[in-house]
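First up is the structure itself, then whatever we jot down about it.
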Number of protein chains: 2
Amino acid sequence: MNQVLDRGIAAPLYKEVKRLLTHSLAQGEWGAGEALPSETQLAKRFGVSIGTLRKAIDELVAEGAVVRRQGRGTFIASHGATRLMFHFFHIVPHDGEKQYPRTATLAFRRGRAAAMEAAKLGIAAGDAVLRIRNLLSLGSKPVILDELVLPQRLFPDLSEKILTARDNTIYHLYQTRYGINVLRTSERLRATVADVEAAQLLGVRKGAPLLEINRVAYTYHDAPVELRRSLVDTTEHEYFSDIGK
Amino acid sequence: MNQVLDRGIAAPLYKEVKRLLTHSLAQGEWGAGEALPSETQLAKRFGVSIGTLRKAIDELVAEGAVVRRQGRGTFIASHGATRLMFHFFHIVPHDGEKQYPRTATLAFRRGRAAAMEAAKLGIAAGDAVLRIRNLLSLGSKPVILDELVLPQRLFPDLSEKILTARDNTIYHLYQTRYGINVLRTSERLRATVADVEAAQLLGVRKGAPLLEINRVAYTYHDAPVELRRSLVDTTEHEYFSDIGK
DNA sequence: AAGTGGTCTAGACCACCAT
DNA sequence: TGGTGGTCTAGACCACTTA
């Protein structure tokens with residue numbers, strides 16, 4: 001039952017505990033939304049004091065991997081609408097309330113990874129990928145055009161039917177059906193102009209300025225799981241970034 | 001010497017300690033780059049255990065207000081080039097190394113706050129403000145056009161001479177000369193097009209797409225201290241945002 | 001060698017939640 | 001009522017820095 005902690009010379013004990021916990025999380029030892037064993041039990045299992053165990057979990061909480069709920073337990077962070085809006089969706093109206101987007105899937109194709117895509121996804125050029133195109137609307141107006149690239153290997157049976165049948169966020173689908181928990185994203189933004197196709201879909205004129213966002217989504221161990229290019233019509237919306245909070 | 005801790009019913013002790021520490025920081029009890037008293041001393045002063053004191057400081061570290069250096073002490077976070085690049089400067093080359101910007105001040109004027117500016121700065125409409133225009137270059141090419149709005153009250157003797165004579169970042173100037181430590185910024189981005197003036201200064205054609213960044217900078221207690229509008233030529237550079245790391 | 005922050009422990013008690 | 005996470009303590013020892 002007890003896991004032996006091979007105390008190397010360098011790493012602090014709580015980092016070792018965190019590493020083992022992260023490993024268990026990545027292996028799916030506990031399912032989406034499920035509770036971990038109590039802190040007392042985990043401390044026993046790793047043979048450390050409760051303070052050390054808590055320090056390990058503190059970091060997992062800070063990284064968004066797990067969530068503590070006093071009196072109830074510690075749970076795998078689950079991808080609901082709240083988490084999406086709070087952590088991963090950064091487009092807000094210029095004035096007015098933050099809105100939940102409505103998604104329409106325009107295309108679902110299978111293809112091969114280009115060299116640059118492969119590098120970002122940590123796979124080999126030419127590996128099988130899924131390409132998805134979504135149009136997101138905010139308050140009945142199309143605002144965001146998304147192009148997703150997913151490694152086929154991570155999403156073995158994903159089909160257009162499964163994708164469009166979901167009744168929750170796409171990251172919730174990744175998590176519940178494929179055991180992939182998106183923890184962190186890295187985004188690069190630039191200004192560009194609408195080509196004919198984007199202009200038509202977003203309802204702007206060709207050549208209109210658009211915000212381009214290139215996102216990489218990561219799971220445990222900083223493993224990349226999704227590439228996403230978004231084109232955003234920022235006439236009535238903005239990208240919101242709160243740094244250091 | 002000892003500060004009495006009025007333990008209200010609700011707030012945890014370490015939050016109280018943090019509040020008192022933040023207050024001391026905001027009052028400038030310790031100067032820029034200076035060391036705080038040791039943890040042992042602070043624990044005595046507040047009449048709490050070292051664990052509780054450390055938990056308070058943990059949060060200040062997480063917020064970027066102070067920095068711990070093992071064997072040396074805990075210091076007020078100071079605004080050097082490193083911190084600027086790491087926390088507050090988000091423009092990176094599309095490919096290649098991150099570069100340190102060169103700043104040229106184009107204009108320095110005194111004026112009155114417009115209603116919207118006043119609201120964002122937490123001052124009254126019509127209050128005195130300073131307006132500064134900077135052109136930032138990366139690798140000999142102008143890339144960013146900044147327009148800053150500062151409440152005159154916070155920067156009483158700031159002049160063009162003082163501004164341009166500095167040999168460090170502008171946030172370093174805020175900190176050392178005016179005791180204002182910028183801890184956090186909030187940014188809103190959109191795509192726009194270059195007007196005649198911006199086009200000329202940035203060396204792009206009129207109507208070229210530009211990235212517009214509207215920043216509010218905050219110090220202790222989330223008090224706003226600076227408004228900044230940036231226009232960025234993103235043909236060779238991008239805005240980088242790492243979320244949840 | 002002395003002083004600083006960093007780790008780890010063992011235990012008490014509190015606040016919250018389900019039953 | 002029993003179990004969970006949250007707070008707080010007191011002390012030992014380690015790692016690092018400076019003198």
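Below, chain A is the first sequence line, B the second, and so on; all start at residue 1. Quick note: numbers below take in every heavy atom, side chains included, and nothing from hydrogens, waters or symmetry partners.
Residue B:Arg69 has no polar side-chain atom (N or O) positioned under 4.0 Å from OP1 or OP2 of D:dC16. Not one side-chain nitrogen or oxygen of A:Thr74 sits closer than 4.0 Å to the OP1 or OP2 atom of D:dT4. Between A:Ser49 and C:dC8, a side-chain N or O to OP1/OP2 separation shorter than 4.0 Å is absent. OP1 or OP2 of C:dT9 sits under 4.0 Å from a side-chain N or O of A:Thr52. Under 4.0 angstrom from either OP1 or OP2 of C:dT4 there lies at least one side-chain N or O belonging to B:Ser38. Within the structure, every side-chain polar atom (N or O) of A:Lys55 is placed at least 4.0 Å from both OP1 and OP2 of C:dC8.
Between A:Ile57 atom CD1 and D:dT7 atom P there is a gap of 14 Å when expressed in whole angstrom units. C:dA10 atom C1' lies 15 Å from atom CD of A:Glu39, rounded to whole Å. If you take CG of B:Leu42 and P of C:dG6, they are 13 Å apart, rounded to a whole angstrom. Rounded to a whole Å, the NZ atom of A:Lys15 is 17 Å from the C1' atom of D:dC14. For A:Leu53 and D:dT4, the CG to C1' distance is 13 Å, given to the nearest whole Å. As a whole-Å value, the separation of B:Ile50 CD1 from D:dT9 P is 11 Å. Rounded to an integer number of Å, the gap from CZ of B:Phe75 to P of C:dT4 is 11 Å. Look at CD on A:Gln41: it is 13 Å from C1' on D:dG5, rounded to the nearest Å.
No donor-acceptor distance shorter than 3.5 angstrom exists from the side chain of A:His79 to the backbone of A:Gln175, with no hydrogens or angles considered. Of the possible polar contacts, none joining the A:Ser137 side chain to the A:Ser140 backbone as a donor-acceptor pair under 3.5 Å is found. The backbone N or O of A:Phe88 lies less than 3.5 Å from no partner atom in the side chain of A:Arg83, so there is not a single donor-acceptor pair.
With contacts defined as side-chain heavy-atom distances shorter than 4.5 Å, the pair B:Val67/B:Val61 does not qualify.
Across D:dC8, D:dT9, C:dA15, the shortest atom-to-atom separation from the side chain of A:Gln70 is found for C:dA15. Looking at the side chain of A:Arg68, the nearest of the listed nucleotides D:dC8, D:dG5, C:dG6 is D:dG5. In this structure, of D:dT17, C:dT4, D:dT4, it is D:dT17 that holds the atom nearest to the side chain of B:Arg72. Considering only the side chain of A:Arg54, D:dT7 comes nearest among C:dT4, D:dT7, C:dT9.
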Apply side-chain hydrogen bond (donor to acceptor under 3.5 Å, both in side chains) to A:Tyr174 and A:Asn181, showing your working. CA-CA 7 Å; A:Tyr174 294 176; A:Asn181 193 359; over 6 Å; no
